[in-house]
Amino acid sequence: MTEVSRLLIENCAIATVDSVGTEHASGHLVIAGDRVESVGAGPAPAGLEGVTRRVDASGHLATPGLVNTHHHFYQWLTRGLAQNANLFDWLTTLYPVWARIDEPMVHAAARASLAMMARGGVTTAMDHHYVFPRGAGDLLGAEIRAARELGVRFTATRGSMDLGASDGGLPPDSAVESTEDALRATERAVLDHHDPSFGSMLHVAVAPCSPFSVTTELMREAAALARRLGVRLHTHGSETVEEERFCHERFGMGPTAYFESTGWLGDDVWMAHCVHMTDDDIAAFARTGTGVAHCPSSNARLAAGIARVPDLLAAGVPVGLGVDGTASNESGELHTELRNALLVSRLGPHRENALDARASLRLATRGGARVLGREAEIGSLEPGKLADVVLWDLTGLGHSTIADPVAALVFGPPAPVTLSLVGGTPIVESGRLTTADERTLAKEARAQSERLAM
């Protein structure tokens, strides 16, 4: 029998984010292979066999790896544009640019986006890619390849748009597919790439873009396709007042009622943003188990509004955090969203009682895992779960006088990542990626961004 190698992490504060919020002021983690074997207070048990590495993590906080639930990698190439626009104006400005993307561009953008998140504690990434210009190459494959190269766990969603401007939609006709082509390509993506096994590095979900870029036929057929194949569903929903107006004018009902009419509410569905939700909308999400990807920085960047996250959580709606595309959140980092989610929520009606530091951390870990349908595998530090672990360095100037380590992580400046593990394998060591060179990634992305701008 092959002996299992073990990694010991000791002397750190630990926020397990388990179901009861267990924390240890000074504790240990034992990682055996790709799983968490034990976690607890004090030093690791004596006499463990097969120990190949021992980490003294004094001054650090260990948390589950962060889980990103909404992103658009390709937008890395168009950061800083349409700086003062709302969603619809921003989209109409950028759609013609995005309609020129190709495989090398998407690969470079995905590598840069993944690297930015990974160095900031993300161990499970997600992307919603929905722009497929004719002759552009294998765009979804480029993202999957990039995630494999960076070593990040990945949920790729095969997006689609089939409602062009000539038919009353928002995107230009050059950026949309036919309904049949979109469904055929989506099915092929799932069959070719989705791995449902425990510990999988790659999931694929079905993801028509939004009510203002997709026909009702595609929405209904995509839901049926996903359920026939046994995969999850993702889209944008209730992001802006303009979207709500569009749905009432085109469908005679609000976004949530429209989604329900097309089969798009359920515990296999999660939606990005969900800013403009009525009490009835929240109740429908809670009743059906429909999840939400909360993107506070992007919502602020596009002046979309403040999502009712405290009300969603109180109703039992699954909620995770999302970076969103870096054309509407130029930082591209999820760990900054912990702070922004907390602060923005306190500007709403609940004020100081909206979110606290631990609720924010839960959104970014266990909440995200639940939204992606992976709560049994990731999102908390518990024996038997995958060893997706981050060690945050709280010894520096920025955190030195905040005694509560979770508060230091959430309220303080971005904490450096000393070690980030995906299935027990390091992808970040001492703040640096182990799987790629940042300067090379930046150079590649800059070159492709310049190509796109030509």
Side-chain angles (χ1 to χ4, degrees), residues 68-72 86-88 90-91 126-130 155 157-163 169-171 205-216 218-220 222-223 226 232-296 298-299 302-309 311-313 315 317-325 328 363 367-368 370-373:
N68 183 36
T69 60
H70 186 66
H71 210 314
H72 307 293
N86 66 27
L87 175 65
F88 277 22
W90 177 84
L91 285 170
M126 172 274 178
D127 193 67
H128 185 190
H129 190 89
Y130 54 82
T155 293
T157 69
R158 207 295 179 177
S160 52
M161 301 189 295
D162 70 338
L163 186 66
L170 208 62
V206 174
C209 183
S210 63
F212 49 82
S213 61
V214 173
T215 63
T216 299
L218 181 53
M219 291 296 289
R220 287 186 175 134
R232 298 179 75 76
L233 289 147
H234 181 61
T235 192
H236 297 89
S238 302
E239 185 174 359
T240 66
V241 293
E242 291 83 9
E243 177 191 336
E244 186 171 6
R245 188 179 307 121
F246 178 94
C247 288
H248 278 286
E249 291 174 353
R250 190 173 182 91
F251 310 120
M253 63 187 86
T256 299
Y258 174 67
F259 288 131
E260 187 158 31
S261 75
T262 57
W264 270 78
L265 294 185
D267 60 6
D268 55 354
V269 179
W270 83 103
M271 298 189 195
H273 303 295
C274 299
V275 175
H276 297 277
M277 302 278 283
T278 66
D279 290 347
D280 287 344
D281 295 336
I282 292 173
F285 271 52
R287 169 173 48 81
T288 58
T290 305
V292 172
H294 175 44
C295 305
S298 178
N299 293 342
L302 297 175
I306 300 172
R308 296 176 59 185
V309 173
D311 297 327
L312 291 164
L313 293 173
V317 175
V319 182
L321 288 185
V323 169
D324 204 6
S328 65
L363 290 178
R370 183 182 176 194
V371 163
L372 296 185

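Scope of the values below: all heavy atoms of this structure, side chains included, with no hydrogens, waters or symmetry mates. Positions are given from 1, in the same order as the sequence printed here.
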Decide yes or no on side chain to side chain contact (heavy atoms under 4.5 Å, CB included) for Leu87 and Phe212, but give the supporting numbers first. CA-CA 12 Å; Leu87 175 65; Phe212 49 82; 4.1 Å; yes
Could you please spell out the steps behind the side chain to side chain contact (heavy atoms under 4.5 Å, CB included) verdict for Ser213 and Leu170? CA-CA 6 Å; Ser213 61; Leu170 208 62; 5.6 Å; no
List for me each residue that meets side chain to side chain donor-acceptor pair (under 3.5 Å) alongside Asn299, sequence neighbours excluded, and say none if there are none. His273
Applying side chain to side chain donor-acceptor pair (under 3.5 Å), run through Tyr258 and Thr216 and close with a yes or a no. CA-CA 9 Å; Tyr258 174 67; Thr216 299; 2.8 Å; yes
Residue pair [X] / [Y], side-chain heavy-atom distance below 4.5 Å:
X: Ser238; Y: Glu244; result: no
X: Glu243; Y: Pro211; result: yes
X: Thr256; Y: Leu265; result: yes
X: Val214; Y: Tyr130; result: no

For Ala315, which residues count as a side-chain contact (heavy atoms from CB on, under 4.5 Å) partner, sequence neighbours excluded? Ile282, Ala286, Val317
Side chain of [X], backbone of [Y]: donor and acceptor closer than 3.5 Å?
X: Arg232; Y: Val371; answer: yes
X: His276; Y: Ala304; answer: yes
X: His294; Y: Val319; answer: no
X: His236; Y: Cys209; answer: yes

Please report the interatomic distance [atom1]([X]) to [atom2]([Y]), rounded to the nearest 0.5 Å.
X: Ser210; Y: His128; atom1: OG; atom2: NE2; result: 8.0 Å
X: Glu242; Y: Leu302; atom1: CD; atom2: CG; result: 10.0 Å
X: Met126; Y: Thr157; atom1: CE; atom2: OG1; result: 3.5 Å

Applying side chain to side chain contact (heavy atoms under 4.5 Å, CB included), run through Phe285 and Cys274 and close with a yes or a no. CA-CA 10 Å; Phe285 271 52; Cys274 299; 3.8 Å; yes
Dump the intermediate steps for side chain to side chain contact (heavy atoms under 4.5 Å, CB included) on Val309 and Leu363, then the final yes or no. CA-CA 10 Å; Val309 173; Leu363 290 178; 4.3 Å; yes
Classify the ring geometry of His70 against His72: parallel below 30°, tilted from 30° to 60°, perpendicular beyond 60°. perpendicular
Run Asp279 and Arg308 through salt bridge (charged side-chain N to carboxylate O under 4.0 Å, His left out) and show every step you take. CA-CA 10 Å; Asp279 290 347; Arg308 296 176 59 185; 2.6 Å; yes
